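Presented below is the structure to which this report refers.
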Amino acid sequence: MSDAFITHTASMLPGPPVGNDAMEAILGVLEEGRGKLRQRVLNNNGIRARHYALDPVTGEPTHTLAQLQAEAIRTLLDRAGLDVEAIDLLVCGCSIPDVIAPGIASLVHGELGGRPIEVASTAGICGASIAALKYGSMAVRTGESRCAVVGAAERLSVQLRARHFGAELRARRSDEDDPHVALGAEFLRWMLSDGAGAVLIRDRPSETGLSFKVEWVQSVSFAHDLPTCMYMGGERLEDGSLRSWRDCDDLGDAVRQGYFNLQQDVRLLAENIIPVSTGRTIARIREDRQLTPEMVDWVLPHFSSNLFRDRAFEAFAEAGFEVPDERVRSNLVERGNMGSASIFVMLDDLVASGELEPGHGVLLVVPESGRFNTGYALLRAVGS
């Protein structure tokens, strides 16, 4: 079996950075008098800038999801000095595709052009990135691929615009008991943004510069133990099950009831994201991989909010994996929360920082609150 190496990284962030004060000018005002909720969410998540694939004046989309991913991949290939014809495997992940079918990887292949290749699309939420990384690295290790491109992209801003909530708001305002958009949906308006990242995986390191040997990739799910926390395209029932939009007799009812808004159970998230998605998973990873703090020089955690950062690393320490703060790298404050794309953009930023040295271990940590699945990957810097 061969080794797998990430030889190059790239990212694509659409448009100029959008500060907190400019968000509503682009997304639109959802409901008057809800500014306190917006400010509370922004204070907690710590994000000061993010990117939207929206025209800042008209609010109209500037890119499709596939176009965002394709632009990141073109940058990746340019850095590697390769043509699109060199790719033999394309694996792409996302939280929410632009269309239900076909898969995102097929759409990206269509944008890139080139030749007939294998494509694979990974689903999930933030963990779609780790699933894509595992697929690509395993394909290279087994000899099924010699030049794999792995990426993840998000175009979440289009559904965060006020106009997207119009039908639901009109229906809810006629209901005296619940006149507002669900808290979980509005909460996410101030959390999410757009971007794409990609990595090139080959069976040998780059001849120039640093590469990363993919030591291992692993995910741990607790869906057997916990209900769905983050979802879209359905309604969560009292017993915790999901009713799909496909089960509605009238599709208009699904729209009016907010089935197509991304929802999150904020209470369930707060209760479980640290003890389960951080504490229990790092304990499992330590046991499975004999992982020790001495093996890691940099930790790249994908957190949706800075509110969770200190608590997460306290949970790590309680599990015997204590990491000094100076070894943690996050770009949440200046890049925003790009869902599945965040971890690849974070890795690209670490490469650009110039702080990496041969032998450094880089631990990727990607919790997702869909139904509490967390992905880890250990990379080892090699080369000059």
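If you read the sequence from its start, that first residue is 1, and numbering goes on from there. Quick caveat, the model's predicted, so the values are computed rather than measured.
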Worksheet item: About how many Å separate CD1 of Ile130 and OG of Ser219, when rounded to the nearest 0.5 Å?
Response: 6.0 Å
Worksheet item: Which heavy atom in Gly136 sits nearest to a heavy atom in Ile201, and how many Å separate them?
Response: C-CD1, 4.1 Å
Worksheet item: Which atom names give the shortest non-hydrogen contact between Gln218 and Val220, and what distance separates them?
Response: NE2-CG2, 4.3 Å
Discussion item. Any heavy-atom pair between the side chains of Arg74 and Asp78 that's under 4.5 Å?
Written reply: no
Worksheet item: Tell me, do Tyr376 and Asp288 make a side-chain contact under 4.5 Å, heavy atoms counted?
Response: no
Worksheet entry | Closest heavy-atom pair and its distance - Arg155, Leu68 | CB-CD1, 4.1 Å
Worksheet item: Taking everything shown except Glu326 itself, do over 12 heavy atoms lie less than 6.0 Å from its CD?
Response: yes
Item to complete: May I have the step-by-step check of salt bridge (Lys or Arg N to Asp or Glu O under 4.0 Å) for Asp348 and Arg335, ending in yes or no?
Response: CA-CA 12 Å; Asp348 187 44; Arg335 303 292 199 197; over 6 Å; no
Fill in: Under 3.5 Å: donor-acceptor pair, side chain of Asp297, backbone of Gly361
yes
Discussion item. I need the single residue from Gln159, His164, Arg189 that forms a side-chain hydrogen bond (donor to acceptor under 3.5 Å, both in side chains) with Asn261. Which is it?
Written reply: His164
Worksheet item: If two hydrophobic side chains count as joined below 4.5 Å and joins carry through other members, does Leu27 share a cluster with Leu156?
Response: yes
Worksheet item: Hey, quick one: are Phe313 and Val296 part of the same hydrophobic cluster, counting side-chain heavy atoms closer than 4.5 Å, chains of contacts allowed?
Response: yes
Practice prompt. State plainly whether one hydrophobic cluster holds both Leu378 and Ile6, where clusters connect Ile, Leu, Val, Met, Phe, Trp and Tyr through side-chain heavy atoms under 4.5 angstrom apart.
Written response: no
Worksheet item: Are Arg243 and Cys248 close enough that some pair of their side-chain heavy atoms sits under 4.5 Å apart?
Response: yes
Discussion item. So for atom CZ, which belongs to Arg380, do other residues, nucleotides or ligands contribute more than 12 heavy atoms lying within a distance under 6.0 Å?
Written reply: yes
Fill in: Straight-line distance of Asp349 CG to Ser330 OG, nearest 0.5 Å
10.0 Å
Worksheet item: Got a donor-acceptor contact below 3.5 angstrom from the His8 side chain to the Leu76 backbone?
Response: no
Worksheet item: More than 12 foreign heavy atoms under 6.0 Å from CD of Glu85: is that the case here?
Response: yes
Worksheet entry | Option among Glu368, Glu154, His302 that satisfies the side-chain hydrogen bond (donor to acceptor under 3.5 Å, both in side chains) test with Ser340 | Glu154
Discussion item. Would you say Val214 ends up clustered with Met346 if hydrophobic residues are merged whenever their side chains have heavy atoms under 4.5 Å apart, either directly or through other cluster members?
Written reply: yes
Discussion item. When you compare the side chain of Phe316 with that of Val365, does any pair of heavy atoms fall below 4.5 Å?
Written reply: yes
Discussion item. In the structure I gave you, are the side-chain heavy atoms of Met338 and Asp194 within less than 4.5 Å of one another anywhere?
Written reply: no
Worksheet entry | Over 12 foreign heavy atoms within 6.0 Å of CZ, Arg115 | yes
Worksheet entry | Residue that, paired with Arg50, satisfies side-chain contact (heavy atoms from CB on, under 4.5 Å) out of Val18, Leu332, Leu192, Val333 | Val18
Practice prompt. Work out which heavy atom in Ser277 is nearest to a heavy atom in Thr374; give both atom names and the distance.
Written response: O-OG1, 2.9 Å
Item to complete: Establish whether Met12 and Val84 are linked, either directly or via other cluster members, by ILVMFWY side-chain heavy-atom contacts under 4.5 Å.
Response: no
Worksheet item: Tell me, do Ser342 and Asn337 make a side-chain contact under 4.5 Å, heavy atoms counted?
Response: yes
Worksheet, complete the sentence: Smallest heavy-atom separation, Phe260 atom then Met232 atom, equals O-CE, 3.0 Å
Discussion item. As a quick check of understanding, evaluate salt bridge (Lys or Arg N to Asp or Glu O under 4.0 Å) for Asp325 and Arg309, giving each step before the final call.
Written reply: CA-CA 10 Å; Asp325 191 62; Arg309 176 172 172 148; 2.9 Å; yes
Worksheet item: Out of curiosity, Asp3 CG to Asp203 CG, how far, rounded to the nearest 0.5 Å?
Response: 9.5 Å
Worksheet item: Between Glu60 and Arg163, is a salt bridge (Lys or Arg N to Asp or Glu O under 4.0 Å) present by the stated rule, with each step listed?
Response: CA-CA 11 Å; Glu60 292 299 314; Arg163 65 187 80 174; 2.7 Å; yes
Worksheet item: Do the non-hydrogen side-chain atoms of Arg79 and Val351 ever get within less than 4.5 Å of each other?
Response: no
Worksheet item: Are the side chains of Asp98 and Leu107 in touch, meaning some heavy atoms are under 4.5 Å apart?
Response: no
Discussion item. I'd like to know whether CG of Asp21 has more than 12 heavy-atom contacts from other residues, nucleotides or ligands below 6.0 angstrom.
Written reply: no
Worksheet item: Between Ser145 and Glu118, is any side-chain donor less than 3.5 angstrom from a side-chain acceptor?
Response: no
Discussion item. Counting only heavy atoms not in Arg329 (residues, nucleotides, ligands), do more than 12 fall under 6.0 Å from its CZ?
Written reply: yes
Worksheet item: For the atom pair CZ (Phe344) and CD (Gln69), what is the distance rounded to the nearest 0.5 Å?
Response: 8.5 Å
Item to complete: Write down the atom of Ala139, the atom of Leu89, and the distance for their closest heavy-atom approach.
Response: CB-CD2, 3.5 Å
